[in-house]
Amino acid sequence: MSVLYVMVPVALVIAAGAVVAFIRAARAGQFDDLETPAYRMLPDDDGARRKG
Amino acid sequence: MSIASSHPQVRLGAARASGRSLCSHCALPVPDGLVREGGAEQFCCHGCEAAYRVIDSCGLREYYRLLERSGGEVGPAKETGRGYSEYDDPTFHALYCRVLAGGLSSTELLLEGVHCAACVWLVEKLPRVVPGVVEARLDLRRAAVTVVFDPSRVALSRVVRTLDTLGYPAHPARGMGGDRAREARRREDRRMLVKTAVAGACAGNIMLLYFALYAGMFEGIEPGIERMFRWAAMGLNAVCLAWPGMVFARSALAAIRTRTVHLDVPIAMGLYLGGAWGTWKTVSGGTGVGDIYFDSISTLVFFLLIGRFVQQRQQRSASDALELLFSLTPAVARRVGEDGAVTEVPTEALSTGEVVEVRAGDSVPVDGVIESGRTSIDASMLTGESRPVRAEMGERVAAGTVNLASTIRVRTEATGEGTRIGRLMRMVEEASRRRAAIVRLADRWGKWLLWVLLALAGVTLGIWWRDGVHVAVDRAVALLIATCPCGLGLATPLAMTVAIGRAARRGILIKGGDAIQTLAGPGAAGTVVLDKTGTLTMGRLSVVWWRGAEWARGLVAAVEAGSSHPAGRAMARDLAGPGMDATVAMEVVQHAGRAGTGIEGVVNGRRVVVGTLALMRSRWVEVGAEMDRGGREALLDALSPVYCAVEGRCVAVAALGDAERPEAAAAIDQIRARGWKVRVLSGDHPDVVSATARRLGLGSEDCFAGVSPEEKLDFVRSLAERERVVMVGDGVNDAAALAAATVGVAVRGGAEASLAAADVSLGREGLGPLVELLEGSRRTMRAIHWTIATSLGYNVVAAALSMAGLISPLWAAIIMPASSFTVVAICLRTGAFRGPVNGGVRP
């Protein structure tokens with residue numbers, strides 16, 4: 001079971017990475033508008049891709 | 001806003017069945033005079049046709065299909081026809097545009113009239129409509145579009161004019177307190193989201209660690225591994241308390257400093273005492289240290305922050321609605337210097353006494369007096385009256401109104417927040433910042449909850465003192481954590497948000513939780529004040545019958561053709577039927593509208609006077625016995641008599657009426673069944689009002705007729721001192737009364753200003769939504785009371801268990817989320833604002 005002494009810290013570091021990624025996304029404004037994207041997933045006739 | 005019955009395509013189908021033509025753009029009936037025989041496309045107005053042409057020519061017909069699918073509804077495209085030349089001004093670009101790489105510019109515009117998925121689609125297709133626009137992205141909640149364009153290929157004014165044609169008048173996004181305040185608000189929102197996320201991550205990871213620890217309790221666990229898990233949990237918990245948890249610590253400290261104990265104090269006490277005691281035990285104890293509640297503490301922080309986040313977003317959306325209103329006043333003004341030279345300056349730079357020039361098509365930037373020039377002004381934003389008002393030298397004009405006809409010069413009296421629109425917005429902003437009284441109620445309970453918890457903790461210490469200090473403190477801390485009023489903090493904001501969100505989807509926009517609370521109360525001391533016209537009735541006059549000389553019809557129609565009074569329009573429409581070609585040849589020589597009393601003119605050399613009995617008398621018109629009887633008959637029928645005189649003799653009486661809405665009587669019964677008193681205020685003729693009231697089952701003592709807007713305000717204000725008053729108005733002249741009422745309800749189609757002044761605005765016509773609102777509010781409040789009772793119940797159980805020493809971290813970890821989930825479940829399961837959309841009133 002001594003592998004846990006390595007695995008638990010590794011798991012926590014991975015979790016911290018996910019949190020950091022989320023914080024960066026939030027600070028970049030990706031969660032500012034939580035309403036409009038729900039309306040945006042309507043068919044795009046000409047297949048033009050929007051830049052994020 | 002899924003309103004099945006008003007669906008454009010549904011309406012289209014219904015109209016085809018009835019043989020009437022509907023506008024190809026907005027699906028409203030096309031006036032008879034504009035119907036094109038055999039045409040596939042019909043338009044109700046020039047604006048709709050222009051919008052349709054743009055959409056059609058760019059291959060965007062898909063819009064109408066999306067509109068149908070999303071259940072959205074488009075109003076007539078009211079093209080303002082403004083030039084928007086200020087958008088090409090270097091001052092404007094410096095103020096509101098950002099220069100991007102590659103020679104591109106970006107600007108943010110607030111749009112009127114965006115409300116559904118089809119709008120998002122159409123606005124974001126802007127690059128296809130206007131070459132030179134690179135990208136358009138819409139934020140639906142704020143009604144703000146960010147446009148990236150190439151200034152060398154397209155002028156910004158053309159972009160804005162296109163949006164205007166499509167029915168979305170645009171304004172530069174200025175917001176309350178300017179760019180910096182908005183940026184600050186946005187950053188605050190992001191910080192809150194980040195805190196909630198960090199708390200969630202901590203809580204989730206601690207939960208995983210504790211799963212292992214709980215399993216270890218039953219299956220056995222290696223001491224070293226147990227110690228590592230505890231230290232890891234302690235570290236995560238420290239992060240949770242030191243970062244997201246500080247929200248509560250700061251709030252509690254502030255409360256203690258100002259000696260106003262609220263709910264955050266017992267919350268912070270439980271969190272931090274628990275955290276500190278757990279940390280001390282982990283650090284000092286080694287293995288077998290007994291009960292540590294890191295999992296419960298971090299979960300508490302997470303759940304409580306969700307409640308805060310939801311509440312903050314709800315308040316934000318109320319203030320976002322104001323942003324558009326604030327942007328209605330122009331950003332750039334033309335200042336006239338001492339030497340007469342005109343320079344463009346930001347509106348903020350103007351001061352009292354300075355003269356500004358307002359060109360035709362521009363908005364007036366300040367409140368002031370016209371120095372020179374005469375024009376007509378569109379003040380619909382303030383008054384809701386879409387008819388232009390004439391403005392002469394020496395008359396006052398208000399900021400935000402639109403100068404329609406010709407250039408005027410205005411001497412500034414007030415700017416910015418000092419203007420009428422500015423004051424109005426501040427008033428509305430204050431109202432939206434007001435927290436729901438029920439939230440304050442939870443805060444009041446926080447006070448005695450604190451003392452009860454402290455007393456219970458003391459008792460627990462006393463009970464367990466004989467088993468040693470360690471055990472006693474353990475039990476007391478367990479009590480403080482387990483009884484942390486989490487559900488109480490979560491319940492109200494969540495229930496309010498659920499209700500407001502659901503109501504919004506049904507076309508009922510509620511600005512704040514306190515409106516719900518006021519509306520929900522038992523009606524023993526409450527009055528619903530209804531406006532008659534448009535609320536109880538269809539709001540549209542028509543000539544019900546005509547008595548007297550048939551040949552006079554054409555003459556009257558000719559005179560009324562120039563009238564903009566609703567009665568005049570109704571008569572012009574209804575009297576000039578087929579076979580009335582004679583009217584075309586007639587020419588109105590002299591024309592004088594007499595506001596509220598009638599109209600007179602000369603048609604084919606004959607003097608025609610149309611109006612009230614009082615007007616007849618003042619014009620020395622002889623009203624014969626037969627006509628007098630006709631007029632009285634009309635009054636008995638609850639119709640307004642309009643006397644028509646030709647060459648000084650009254651020859652006919654027209655009876656004008658406004659039919660009641662079919663659901664009005666049932667709705668009034670249901671409002672009364674909830675204990676509300678119903679009063680009707682109307683500016684109409686007393687007999688008309690009381691006859692309408694009689695048919696709706698209202699006593700004449702409940703009706704007040706001939707009331708001016710000022711009297712309405714006085715009436716509502718004096719009533720509001722004694723009891724709760726719900727004022728329902730269409731907002732044309734009711735804005736002040738709406739603001740004075742305990743809860744102001746604005747009905748669809750009102751002025752932008754009255755929508756802002758009201759606490760609730762109804763997006764559907766008639767009284768159905770009002771009944772729905774009352775019922776929904778009642779259910780929401782019942783749900784809130786249930787959630788508070790439930791969470792208090794859980795706390796009592798938890799307190800009893802921990803005082804008896806029966807609670808363990810495992811039990812706490814089960815009971816506390818259970819309490820929160822029960823609260824969430826109750827909030828989501830309420831019947832508030834559910835069921836079929838027109839189910840509010842049983843016909």
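In what follows, chains carry the letters A, B, and so on, assigned in the order in which the sequence lines appear, proteins first and then strands, with residues in each chain numbered from 1.
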(message) So for B:Leu208, is it side chain, backbone, both, or neither that comes closer than 4.5 Å to the heavy atoms of chain A?
(response) neither
(request) Name the region of B:Asp189, side chain, backbone, both or neither, that has any atom closer than 4.5 Å to a heavy atom of chain A. (result)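 Nothing of B:Asp189, per the 4.5 Å heavy-atom cut-off to chain A.
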(request) Heavy-atom distances under 4.5 Å only: say whether A:Leu12 touches chain B with side chain, backbone, both or neither. (result) side chain
Ignoring hydrogens, what is the shortest heavy-atom contact between [X] and [Y]? Give both atom names and the distance.
| X | Y | value |
| --- | --- | --- |
| A:Phe22 | B:Val194 | CE2-CA, 4.4 Å |
| B:Ile225 | A:Tyr5 | N-OH, 3.3 Å |
| B:Arg190 | A:Arg27 | NH1-O, 2.9 Å |
| A:Asp32 | B:Arg186 | OD2-CD, 3.1 Å |

(message) Please report the interatomic distance CG(A:Asp33) to CG(B:Leu138), rounded to the nearest 0.5 Å.
(response) 8.0 Å
(message) Is it true that, when you exclude B:Met217 itself, more than 12 heavy atoms of the residues, nucleotides or ligands shown sit nearer than 6.0 Å to its CE?
(response)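 Counting neighbours around CE of B:Met217, more than 12 heavy atoms of other residues, nucleotides or ligands fall under 6.0 Å, so yes.
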